[in-house]
Amino acid sequence: MKKKRIVVIGFVGTQLDNGSGSGRWEKWRPTVALTQHEEMVVERFELLYSGKYESLVHQVRRDIASVSPETEVIPRQLPIVDPWDFEDVYGSVFDFAKSYPFDTDNEDYWIHITTGSHVVQICMFLMTEAHYFPGRLLQSSPPRRQTVGDPGSYTLIDLDLSRYDQIAQRFSREQEEGVAFLKSGIATRNARFNTMIDEIERVAIKSRAPMLLMGPTGAGKSFLARRVFELKKARHQLDGKFVELNCATLHGDGAGSTLFGHIKGAFTGAAADRPGLLRSAHKGLLFLDEIGELGLDEQAMLLKAVEEKRFLPVGGDNEVQSDFQLIAGTNRDLSREVVAGRFREDLYARINLWTYELPGLVDRSEDVEPNIDYLLAQFGAENGQMVRLNKEARDVYMRFAMSPDALWMGNFRDLSASVTRMATLADAGRITDAIAADEIRRLQRLWRPYAEQPAAAGAVDLSEVLERDQIEQMDLFDVMQLQAVIDICRRSKSMSDAGRKLFAASRSAKEKPNDADRLKKYLAKFGLGWEAVAGR
């Protein structure tokens with residue numbers, strides 16, 4: 001295994017590293033001492049300092065050159081005005097870490113926390129703990145008995161961290177930035193979605209466990225998986241690449257080869273070794289969309305790869321290794337697939353630790369408008385032309401987009417295609433109400449097959465959900481009404497979807513319609529809940 005170069009990052013000690021004349025060599029100076037250990041060589045020392053300490057930095061640099069000519073010392077002046085001000089110190093160190101070209105494949109970073117003020121030491125700890133410094137904390141100590149040339153000792157340790165409000169606030173802002181990054185800066189308004197993204201941000205930073213993203217096609221599972229990867233990459237938690245595969249595209253014998261690779265001659269046509277996607281994702285993130293489409297054999301091999309980080313290529317006798325993080329996506333209910341015997345229970349248990357259900361666009365109607373603005377900005381950046389909806393066009397389009405008539409069967413893919421069409425047809429970058437009206441008619445034509453649902457084969461049998469004596473006490477009006485409501489529920493994707501259909505007229509008069517709550521209260525009059533009537 002290739003030995004990595006040791007790089008130390010630390011502040012010059014304005015007191016501990018100070019000294020003049022030949023007498024300075026009789027004093028233990030932590031920065032110089034780190035380069036005097038015979039058993040290890042510091043390849044590079046990133047020497048941080050603030051204020052007017054250039055002369056001290058140059059003295060330390062010359063002394064290191066005399067005892068360790070192999071060590072390259074690079075002075076880095078940070079714009080810290082007050083080394084005891086948390087916000088000032090943290091901001092400067094944070095900016096340095098964000099812009100520093102870390103090379104974790106070839107270099108091992110030691111973050112020296114012996115020198116500098118206590119505020120500096122705490123900030124260096126925080127930056128390392130949060131992976132902005134992808135290295136280990138280093139503390140050095142003087143020898144028990146001071147002798148010339150004795151460098152003392154050093155150790156990799158953790159610090160006891162006290163809590164400070166300013167730092168907590170700064171970290172809160174960094175978390176908010178991470179959440180905004182996952183949403184691509186789109187100011188989403190759906191409370192349930194925003195709460196889910198908040199948790200995903202925390203899990204993504206703190207955990208390497210598999211993640212399961214559920215939701216209908218086009219809800220953004222692939223997009224979110226890539227953003228999670230980019231967030232972790234920015235925090236130096238992943239060194240590899242993002243590898244994506246839709247498992248629905250795998251067929252027959254090629255499925256195992258695509259995922260796990262094969263050796264030359266493993267089967268007819270295997271003219272050369274193939275590494276497979278799992279090995280391509282080494283030190284990176286593997287996103288397997290529609291994981292429910294995997295065959296049972298591939299599921300068993302994937303479980304071993306996730307748990308043990310090793311597996312057999314197709315036709316191979318020797319195991320190979322790959323350390324990747326897995327995010328799986330599905331539009332199926334995997335728990336039902338397990339019961340039906342189509343998905344392995346042990347694999348489901350392994351990927352079900354962090355499970356998130358992404359709502360479809362019809363359940364996030366308040367997010368249609370900010371996504372339109374995002375898509376228009378994206379179109380403008382790609383085509384070099386700013387495109388906007390005029391007021392009349394926005395009113396017309398939004399009224400339709402948030403109505404029960406907007407099915408959004410393809411979810412955000414439908415919305416993206418719709419915005420692209422309008423932007424393309426816009427003259428001088430203005431989408432008019434005529435363009436918006438034409439687009440609405442186009443969407444209605446596209447969704448007509450879904451809107452024209454076949455009539456029910458017969459009346460709903462209330463005995464499936466109610467006791468006989470309860471039905472006998474109901475008026476015919478209530479029986480017929482409840483049958484119609486249950487029929488709508490069973491032909492709807494969610495309680496919100498059913499509520500929008502049932503209360504389509506009256507909901508428009510309400511400022512904040514809550515269709516799901518109205519439906520829930522209606523069913524409760526009969527002692528029923530959504531799960532019972534929807535059969536799910």
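Only a predicted model underlies this, so the values are computations on that prediction, with no experimental measurement involved. These values consider heavy atoms only, across backbone and side chains, with no hydrogens, waters or symmetry-generated copies. The chain is numbered in sequence order, starting from 1.
Scored by the ring pair (Phe, Tyr, Trp, His ring centres under 6.0 Å) test, F11 finds no partners at all (sequence neighbours excluded).
Classification of D323 and R279 as a salt-bridged pair fails, no side-chain N sitting under 4.0 Å from a carboxylate O. Taking 4.0 Å as the cut-off between side-chain N and carboxylate O, R332 and E290 do not count as a salt-bridged pair. Ion pairing between a basic and an acidic side chain is recognised when a charged N comes within 4.0 Å of a carboxylate O; D108 and R136 show such pairing.
In this structure, K221 is not positioned above the aromatic face of F287 in the sense of NZ or CZ being under 6.0 Å from the six-membered ring centre and within 45° of the axis.
Between Y397 and S418, the closest heavy-atom pair is OH-OG, 2.6 Å.
Residue K233 places its NZ atom among more than 12 non-hydrogen atoms of other residues, nucleotides or ligands, all under 6.0 Å distant. Other residues, nucleotides and ligands place no more than 12 heavy atoms under 6.0 Å from the CD atom of E345. Enclosure of atom CE in M386 is not indicated, since only 12 or fewer non-hydrogen atoms of other residues, nucleotides or ligands lie within 6.0 angstrom. The environment of CZ in R44 is crowded: more than 12 heavy-atom neighbours from other residues, nucleotides or ligands sit within 6.0 Å.
Relative ring orientation between F229 and F242 is described as tilted, the plane-to-plane angle lying within the 30° to 60° band. Taking the six-membered ring where the residue is Trp, F96 and F133 present tilted rings, their angle falling between 30° and 60°.
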Practice item. Begin from the C-alpha positions of I9 and W110 and carry the test side-chain contact (heavy atoms from CB on, under 4.5 Å) through to its verdict. Key: CA-CA 6 Å; I9 301 175; W110 292 5; over 6 Å; no
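Applying the ring-ring contact (aromatic ring centres under 6.0 Å, His included) test to every pair with at least one member in residues 186-215, sequence neighbours left out, gives no pairs at all. The list of side chain to side chain donor-acceptor pair (under 3.5 Å) pairs with a residue in residues 239-248, not counting sequence neighbours, reads T104-D239, S222-E244.
Judged purely by distance below 3.5 Å, without hydrogens or angles, the side chains of Y348 and E337 never pair a donor atom with an acceptor atom.
Screening F102, Y100, Y109 for a ring pair (Phe, Tyr, Trp, His ring centres under 6.0 Å) with H236, the sole residue that qualifies is F102.
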